[in-house]
Amino acid sequence: MGLFRRQRDAARPTPLPAITEFWQWWAQARPKIEASLGDGPSADLIEELSLRVHRIHPHLQWEIGRPDGGVPTLTVTGGGDGELRGLAERWLRAAPTDTGGWALHAARQADPEMLTQKLTLGDHEFDLEYVRVGMRADQARARVHVAVYHPDFLFVAEEARRQVAGHVLDWALGEDDVARWIGEVTIATEPPMDALPPGMLPAVVDQIAEQFREPTWLWGEGRTPRGHPARLGARFPLHRQDHPLCDLHVAVSVPYAHSNPDRLPVEPSASALRELEKKLDALGPDAVLAVQETGDGLRVYHLYADPDSGVLARLDQLAASWPEGRAKVASAPDPGWRALAPYRP
């Protein structure tokens with residue numbers, strides 16, 4: 001196990017000007033868009049809306065709708081991409097207090113009614129009443145692996161199959177819950193054993209999720225680069241979608257003065273480290289403690305933080321007040337939480 005070391009890097013700036021410009025434009029354009037909801041926005045409005053969204057980030061997606069003739073909705077989303085989840089959330093939180101009666105979302109919402117409709121992709125129409133989903137619970141990873149089947153999958157390309165599966169999962173669960181709880185997604189050209197309608201997926205996911213409402217710590221052992229014993233703890237489960245503004249990876253490296261022959265902490269250092277951990281946990285929602293590595297006289301706490309919250313200064317203060325040696329704080333942008341990949345079960 002290698003202990004994480006990285007020099008401080010400046011946080012990636014949030015593109016606030018593009019978000020501010022979007023909402024200024026939206027205030028002017030909204031009446032025209034509302035007037036076009038029946039027949040759909042004009043090509044000019046679609047082009048302008050796309051331009052405004054893509055100025056925030058070229059890979060953001062948008063949708064406008066009015067489910068069952070009710071409240072109009074505007075969704076700007078990263079399409080399940082963790083790299084963009086924080087950006088979509090910042091767009092949402094910058095919205096004016098008076099939304100004009102619109103519902104605004106930073107991720108696609110569940111819409112089970114759509115599962116009874118027809119979906120047209122290219123020149124093929126899929127009757128979603130025929131979709132069936134095979135489900136396999138993975139308790140060790142807190143995930144549900146799914147196989148999505150439609151009889152027309154025999155006649156269309158893989159890309160169309162994937163699009164159907166993606167729409168079905170989003171409409172059944174909502175985009176964020178798909179990211180939280182769905183594991184492997186496979187395409188089936190034969191009905192899976194014990195397959196169910198996709199409308200049953202929320203009930204299955206709820207059964208899995210109920211056991212993990214409160215994250216716990218998973219512990220393991222390894223070796224430091226010097227060959228000494230090391231301990232690793234990872235918060236589990238930990239979902240990117242529950243901390244959408246935490247785009248910054250922060251490593252707080254803390255030396256401890258009292259250790260056993262294996263160079264693992266003993267009292268009074270062990271108690272001091274526990275107290276520091278409590279202080280790090282208390283930083284929420286501005287930061288979340290994700291992983292801790294211990295060995296060779298050093299503990300490294302890995303956190304994800306909101307770079308705009310000022311929490312980095314508080315972490316610097318905690319490090320400066322550590323009494324058992326020189327603690328260090330290093331940070332780097334990581335909106336996709338890629339640094340956590342080696343620690344996930």
Next on the checklist: Under the rule for side chain to side chain donor-acceptor pair (under 3.5 Å), what residues qualify as partners of H145, not counting sequence neighbours?
Outcome noted: D138

Checklist entry - How about L92 and V76: do any of their side-chain heavy atoms sit closer than 4.5 Å? => result no

Next on the checklist: For L245 and R90: C-alpha separation, side-chain torsions, deciding distance, then whether side-chain contact (heavy atoms from CB on, under 4.5 Å) applies.
Outcome noted: CA-CA 7 Å; L245 299 182; R90 285 181 169 81; 3.7 Å; yes

Item to check | D152 and H124: side chain donor to acceptor below 3.5 Å | outcome: yes

Next on the checklist: Holding to salt bridge (charged side-chain N to carboxylate O under 4.0 Å, His left out), I want the full list of residues that pass it with R180, two or more places apart in sequence or in another chain.
Outcome noted: D177, D242

Checklist entry - What pairs meet the salt bridge (Lys or Arg N to Asp or Glu O under 4.0 Å) rule with one or both residues in residues 22-33, with sequence neighbours excluded? => result R30-E34

Next on the checklist: According to salt bridge (charged side-chain N to carboxylate O under 4.0 Å, His left out), who are the partners of E267, at least two apart in sequence or on a separate chain?
Outcome noted: R274

Item to check | Heavy-atom donor-acceptor pair, E63 side chain to T75 backbone, under 3.5 Å | outcome: no

Item to check | Contacts of type salt bridge (charged side-chain N to carboxylate O under 4.0 Å, His left out), residue E221, not counting sequence neighbours | outcome: none

Checklist entry - Looking only at atom types and distance, does a side-chain atom of Y256 sit under 3.5 Å from a main-chain N or O of G297, one as donor and one as acceptor? => result yes

Item to check | Sequence neighbours excluded, every pair satisfying salt bridge (Lys or Arg N to Asp or Glu O under 4.0 Å) that has a member inside residues 186-205 | outcome: none

Item to check | Min side-chain heavy-atom separation I208-R143 under 4.5 Å | outcome: no

Checklist entry - Within a strict 4.5 Å, meaning less than it, do heavy atoms of the L273 and Y301 side chains meet? => result yes

Checklist entry - Can you list every pair that meets salt bridge (Lys or Arg N to Asp or Glu O under 4.0 Å) and has a residue in residues 336-345, with sequence neighbours left out? => result E83-R338

Item to check | With R52 via salt bridge (charged side-chain N to carboxylate O under 4.0 Å, His left out) - residues at least two apart | outcome: E48

Checklist entry - Quick one: does P197's side chain get under 4.5 Å of V133's, heavy atoms only? => result no

Checklist entry - With no hydrogens and no angle check, is any side-chain donor or acceptor of Q109 less than 3.5 Å from a backbone partner on A107? => result yes

Item to check | Pair W26 and W102, ring centroids less than 6.0 Å apart | outcome: yes

Checklist entry - With side chains defined as the heavy atoms from C-beta onward, is the minimum distance between W337 and C246 less than 4.5 Å? => result yes

Checklist entry - Is the shortest distance from a Lys or Arg side-chain nitrogen in R240 or D247 to a carboxylate oxygen in the other one below 4.0 Å? => result yes

Next on the checklist: If you count heavy atoms of other groups shown closer than 6.0 angstrom to CD of Q117, is the number above 12?
Outcome noted: yes

Checklist entry - Under the 3.5 angstrom rule, does the side chain of H228 hit a backbone N or O of T224 as a donor-acceptor pair? => result no

Checklist outcome for this item: Using a 4.5 Å side-chain heavy-atom cut-off and chaining through intermediate ILVMFWY residues, the residues clustered with F155 come out as L154

Checklist entry - Going by heavy atoms in the side chains, are E324 and H258 under 4.5 Å from each other? => result yes

Next on the checklist: Test your reading of the model: is there a side-chain donor-acceptor pair from W23 to the backbone of W91, 3.5 Å cut-off?
Outcome noted: yes

Item to check | Contacts of type side chain to side chain donor-acceptor pair (under 3.5 Å), residue E210, not counting sequence neighbours | outcome: none

Item to check | Partner residues of E89 under the side chain to side chain donor-acceptor pair (under 3.5 Å) criterion, sequence neighbours left out | outcome: R85, R93

Checklist entry - Yes or no on side-chain contact (heavy atoms from CB on, under 4.5 Å) for V252 and L318, after CA distance, side-chain angles and deciding distance? => result CA-CA 9 Å; V252 181; L318 285 174; over 6 Å; no

Checklist entry - Does any non-hydrogen side-chain atom of R223 lie less than 4.5 Å from one of P229? => result yes

Checklist entry - Quick one: does N260's side chain have a donor or acceptor within less than 3.5 Å of a partner on D262's backbone? => result yes

Item to check | Worked check of side-chain contact (heavy atoms from CB on, under 4.5 Å) between F126 and V168 | outcome: CA-CA 11 Å; F126 296 87; V168 165; over 6 Å; no

Next on the checklist: Test side-chain contact (heavy atoms from CB on, under 4.5 Å) on V131 and L115; report intermediate values, then the result.
Outcome noted: CA-CA 8 Å; V131 172; L115 299 174; over 6 Å; no

Item to check | Validation row: Q61, T77 side chains within 4.5 angstrom (heavy atoms) | outcome: yes

Report, one line per pair, each donor and acceptor closer than 3.5 Å where one atom sits in a side chain of residues 277-288; sequence neighbours left out.
residue: E277; atom: OE1; partner: Q292; partner atom: NE2; Å: 3.2
residue: K278; atom: NZ; partner: E275; partner atom: OE2; Å: 3.4
residue: D281; atom: OD1; partner: R235; partner atom: NH2; Å: 2.6
residue: D286; atom: OD2; partner: R314; partner atom: NH2; Å: 2.6

